[in-house]
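Following: one structure in structure tokens, then a few remarks.
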Number of protein chains: 2
Amino acid sequence: MARRSGTRDQILDRATDLFGRWGVEAVSLDQIAQEVGVAKQTLLYWFASKDELVESVLAATAEELAVVVEAAIRAAPDDPLDRIEAVVKAVFRPAVRRPALLGLIREMSRLPPETSERVADHLRPLVERAIAWMRNEMDAGRLRRSDPDIVVALSYATVTGIATEPEALRVVGWTADTAGLRRLRTELVAFLRSALTP
Amino acid sequence: MARRSGTRDQILDRATDLFGRWGVEAVSLDQIAQEVGVAKQTLLYWFASKDELVESVLAATAEELAVVVEAAIRAAPDDPLDRIEAVVKAVFRPAVRRPALLGLIREMSRLPPETSERVADHLRPLVERAIAWMRNEMDAGRLRRSDPDIVVALSYATVTGIATEPEALRVVGWTADTAGLRRLRTELVAFLRSALTP
DNA sequence: ACAGTTCTCTACCATTTGGTAGAGAACTGT
DNA sequence: ACAGTTCTCTACCAAATGGTAGAGAACTGT
């Protein structure tokens, strides 16, 4: 999460935010360059093309999420529901502070298949482990019996959807103040808990 | 859902699909015109600007969803969980056949606030009713007690997220064949049921 | 002091973008 | 037959886009 200092890192950070917020297509190199306070050609020195910049941003984001999740898992208690709660809370903080993080992952579906495939490869080990783990817990009767892969996708969709769609929340009258955030996190955790309880 | 026949309707249909799939910014008027088989200026005859086209598409989409949901509600049984299942199933069919539908709603957050506000107004009555209804059912002890507005948003996020992110599903090894679709719908309904059961 | 690398810049370019101007079909009602 | 409206077209345009070419700082190690 640390905003690093080199020109390259600054570009990466800024591009992450902008791509995540507005979508890859909607953000121009000029715009990124201007916000970083650098000439556009400086971007093209660090990244040979916009495509390469996009891919770097996605790879870094996937990596960052993977690290956060891994850490949360290692530190988490053994009970599966507690563990899920820990992971959700760990992801929730950076996701809300920087909605672009999860929004970016969503941008994957709009990229050329080879690119999205490469990014998916970054996440796959994590996902596979999650599925295997869920299957185990289901067998042990500690999670609601169901299709583990789809349930992983559903949980992801719920967390990502709610963290990246402030509009949807505004329509129901929610506001992004501290109290609202706490309320949201509490409900999200309760929702998932209830969805996954045997 | 009916693909209507006039030039205007053809433009609307095609634009809906393209905007929903690739995002508003990523789709050019030239592209839409070409796919409809008409000159770009014909689009600009029917819609004064791209912005106006976007807004028309969004309004029509919101309207269409509202109609589908209303119909499902009217035809649904009285038990709240059955009713939720009916609505989800009603939305699931068009959403999967045309992912653009829900994808479009997500595009709202990337539009100028006045535009998204106007589209939100189309959906608000529906949402308000959903919240009020949920609150009632919670009071009656037929749904899990919680913040009704946030739960509405969470349910929406789950359905929309899963229906618009084929990438996420691909990562868990899911495929979009008939069996996969049925499996997905079944799990989605079970997930929501479990999440909302008292 | 100097050569080499690293980094950022100005100047430019071909293409694509949303949009304008205005002409000409094709269908009205009379 | 004719005038008016509805609809679609060709021909442009200014601005913005991703990207190239190449010069000049600024920092290396010697």
Side-chain angles (χ1 to χ4, degrees), chain A residues 3-60 104 107-108 110-116 118-119, chain B residues 3-60 104 107-108 110-116 118-119:
Chain A
R3 305 267 175 158
R4 276 170 292 178
S5 47
T7 302
R8 200 190 127 98
D9 286 328
Q10 279 186 55
I11 295 171
L12 228 48
D13 274 342
R14 212 68 207 88
T16 301
D17 287 344
L18 289 171
F19 287 158
R21 174 69 183 91
W22 300 108
V24 169
E25 291 275 352
V27 178
S28 70
L29 296 184
D30 289 282
Q31 188 185 347
I32 301 169
Q34 196 195 326
E35 298 208 7
V36 173
V38 97
K40 174 174 66 176
Q41 287 62 25
T42 303
L43 304 205
L44 290 164
Y45 168 78
W46 290 104
F47 306 91
S49 66
K50 186 176 182 180
D51 279 349
E52 197 187 298
L53 172 58
V54 169
E55 187 159 345
S56 300
V57 164
L58 277 169
L104 248 185
E107 280 291 311
M108 276 175 55
R110 295 181 170 165
L111 298 173
E114 338 119 38
T115 307
S116 69
R118 240 168 307 165
V119 177
Chain B
R3 307 268 172 156
R4 275 171 294 178
S5 45
T7 302
R8 201 189 126 97
D9 286 327
Q10 280 187 55
I11 295 171
L12 268 177
D13 275 341
R14 212 67 208 88
T16 301
D17 287 344
L18 290 170
F19 287 158
R21 175 68 183 92
W22 300 107
V24 169
E25 290 276 352
V27 177
S28 70
L29 295 183
D30 289 282
Q31 188 185 347
I32 301 170
Q34 197 195 326
E35 298 209 7
V36 174
V38 98
K40 174 174 66 174
Q41 286 62 25
T42 303
L43 304 204
L44 290 165
Y45 168 77
W46 290 104
F47 306 91
S49 67
K50 186 177 181 179
D51 279 349
E52 197 187 297
L53 172 58
V54 170
E55 188 162 342
S56 300
V57 164
L58 277 170
L104 249 184
E107 280 291 312
M108 275 175 56
R110 295 181 169 163
L111 298 172
E114 339 119 36
T115 308
S116 69
R118 239 167 307 163
V119 177

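So you know, we letter chains A, B, ... as the sequences are listed, proteins then strands, and number each from 1. Everything numeric here is computed off the predicted structure, so don't read it as measured data.
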Contacts of A/Glu25 meeting side chain to side chain donor-acceptor pair (under 3.5 Å) (sequence neighbours excluded), chain-then-number -> none

What does the 5'-to-3' dot-bracket notation of DNA chain D look like when only Watson-Crick and G-U wobble pairs under 3.5 Å count, and pairs to other strands show as |?
||||||||||||||||||||||||||||||

Min side-chain heavy-atom separation A/Arg8-A/Phe47 under 4.5 Å:
yes

Flag side-chain contact, heavy atom, 4.5 Å: B/Thr7 against B/Tyr45:
no

Scan residues 52-59 of chain A against DNA chain C and write down, sorted by residue number, each residue with any heavy atom closer than 4.0 Å; if none is found, say none.
none

Using whole Å, what does the distance between atom C1' of nucleotide C/dG19 and atom CD1 of B/Ile32 come to?
14 Å

Could I get the full list of salt bridge (charged side-chain N to carboxylate O under 4.0 Å, His left out) partners for A/Arg110, not counting sequence neighbours?
A/Glu107, B/Glu107

Distance, rounded to the nearest Å, where B/Trp46 contributes CH2 and C/dG19 contributes P
18 Å

Side-chain contact, heavy-atom cut-off 4.5 Å: B/Glu35 with B/Gln31?
yes

Sidechain-backbone polar pair: B/Lys50 side chain, B/Leu44 backbone, donor-acceptor under 3.5 Å
no

Between A/Thr42 and A/Val36, is any pair of side-chain heavy atoms under 4.5 Å apart?
no

Which heavy atom of A/Ala15 sits nearest a heavy atom of A/Val57, and at what distance?
CB-CG2, 3.8 Å

Do A/Trp46 and A/Leu53 come close enough that some side-chain heavy atom pair is under 4.5 Å?
no

Side-chain contact, heavy-atom cut-off 4.5 Å: A/Arg21 with A/Leu18?
no

May I have the distance from B/Tyr45 (atom OH) to D/dT10 (atom C1'), rounded to whole angstrom?
18 Å

Treat primed atoms plus P, OP1 and OP2 as sugar-phosphate and everything else as base, then score nucleotides 13-23 of chain D 5' to 3': B for base contact with protein heavy atoms under 4.0 Å, S for sugar-phosphate contact only, - for none.
----SBBBB--

With sequence neighbours excluded, residues passing side-chain contact (heavy atoms from CB on, under 4.5 Å) with B/Leu111
B/Val54, B/Leu58, B/Thr115

Interatomic distance where CZ belongs to B/Phe47 and P belongs to C/dG18 [whole Å]:
15 Å

Starting the side chain at C-beta, find the nucleotide from D/dT8, C/dC7, D/dC9 nearest to B/Thr7.
D/dT8

